[in-house]
Amino acid sequence: MTRDRARPRLAAFTPLLLDVVVPVAAYYALRLAGLNAVLSLVFAAVPTAGFLMYQAVRRRRLDALGAFVLALLAVGAATSLLTGSPEFLLAKSGWLTAAIGIGFLVTLGFAQPLAFTFARSMLRRNRLGASLRVESWDVLWLSDGRFRRIWRHVTVLWGAGLLVDAGVRVALAYTLPVDLVPGLGVLVWAVTFAALQLLQFHYFTSAGLWSIVQIGGDVREDR
């Protein structure tokens with residue numbers, strides 16, 4: 001039972017490891033081995049590309065984000081190899097983050113914004129979801145205007161925050177020495193994630209989300 005419960009948690013960290021930790025560790029290992037910066041960046045991206053292709057084969061489809069990442073990797077590798085300049089590959093994470101941030105903002109026009117659907121999906125897998133009555137969120141979405149506004153505002157928060165993060169990453173890629181950028185990219189990601197989580201928690205508290213979800217929300221229509 002313990003192993004069965006641990007598997008979903010480990011699976012949740014797999015993309016993070018292959019997209020952030022492994023490429024950076026591989027880059028510095030290859031540099032220490034004497035490989036130049038361009039080739040080190042190209043080879044360090046192999047685990048990410050391999051994982052995306054594995055997922056595509058297993059699921060028999062490649063989603064839009066996966067296709068975008070593979071295209072970025074391919075274009076970045078080709079550009080860097082042809083020009084001998086590693087900047088585009090270094091900026092790849094910034095372009096990817098920008099695409100995700102734009103994706104958050106685009107979903108404001110959907111039936112349910114991305115922050116809401118992502119949080120609901122994640123919380124259904126753990127005990128916190130039960131305490132926050134996540135099973136009632138679809139009903140709350142339909143019945144409580146304040147609940148909807150909170151999640152739309154949080155979607156804007158994440159979209160804007162990720163766009164700022166993307167701008168910082170691209171600026172670092174084109175202004176700092178090559179070997180500093182991969183490690184700083186991890187630091188930028190950690191700071192962005194922590195800052196957005198703190199801002200989100202503060203907003204949830206001030207907007208009254210906790211009281212809404214714990215009592216099941218109001219049944220009134222508040223548009």
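When a residue number appears, it is its place in the shown sequence, counting from 1.
Heavy atoms from other residues, nucleotides or ligands lying under 6.0 Å from OH of Tyr174 number more than 12. Heavy-atom contacts from other residues, nucleotides or ligands closer than 6.0 Å to OH of Tyr203 number more than 12.
Both Leu176 and Tyr28 are part of a single hydrophobic cluster, where members link through side-chain heavy atoms under 4.5 Å apart. Leu114 and Val156 fall into different hydrophobic clusters, where Ile, Leu, Val, Met, Phe, Trp and Tyr side chains are chained together by heavy-atom contacts under 4.5 Å.
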Applying side chain to side chain contact (heavy atoms under 4.5 Å, CB included), run through Phe88 and Lys92 and close with a yes or a no.
-> CA-CA 6 Å; Phe88 191 92; Lys92 169 186 65 66; 5.7 Å; no
Between Phe118 and Phe104, is a side chain to side chain contact (heavy atoms under 4.5 Å, CB included) present by the stated rule, with each step listed?
-> CA-CA 10 Å; Phe118 183 73; Phe104 267 89; 5.7 Å; no
Begin with the C-alpha distance, continue with both residues' side-chain angles, and end with the deciding distance and a verdict on side chain to side chain contact (heavy atoms under 4.5 Å, CB included) for Arg148 and Gln112.
-> CA-CA 8 Å; Arg148 293 193 297 272; Gln112 294 175 336; over 6 Å; no
Could you walk me through whether Phe116 and Ile150 pass the side chain to side chain contact (heavy atoms under 4.5 Å, CB included) check?
-> CA-CA 9 Å; Phe116 172 78; Ile150 288 172; over 6 Å; no
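Considering CG of Leu30 and CG of Leu39, their distance stands at 9.0 Å, rounded to 0.5 Å.
Closest approach of Phe43 to Leu35, counting heavy atoms only: CD1-CD2, 3.6 Å. Residue Thr48 comes nearest to Pro23 through the heavy atom pair OG1-CG, 3.6 Å, listed as atom of the first residue, atom of the second, then distance. Leu123 and Leu132 get closest at one heavy-atom pair: CD1-CD1, 4.1 Å.
Checked by atom type, the side-chain pair Tyr27/Asp179 shows a donor-acceptor distance below 3.5 Å.
The pair Arg169-Asp165 counts as a salt bridge, with a side-chain nitrogen and a carboxylate oxygen less than 4.0 angstrom apart.
Ring planes of Phe147 and Trp151: perpendicular class, angle over 60° (limits at 30 and 60°).
Using a distance-only test at 3.5 Å, with no hydrogens or angles considered, no donor-acceptor pair links the side chain of Ser121 to the main chain of Thr117. At distances below 3.5 Å, not a single donor-acceptor pair connects side-chain atoms of Tyr54 with backbone N or O atoms of Ala49. Looking only at distances, a side-chain donor or acceptor of Trp141 sits under 3.5 Å from a matching main-chain atom of Ala111.
Put simply, the residue from Val168, Thr97, Leu105 that forms a side-chain contact (heavy atoms from CB on, under 4.5 Å) with Leu163 is Leu105.
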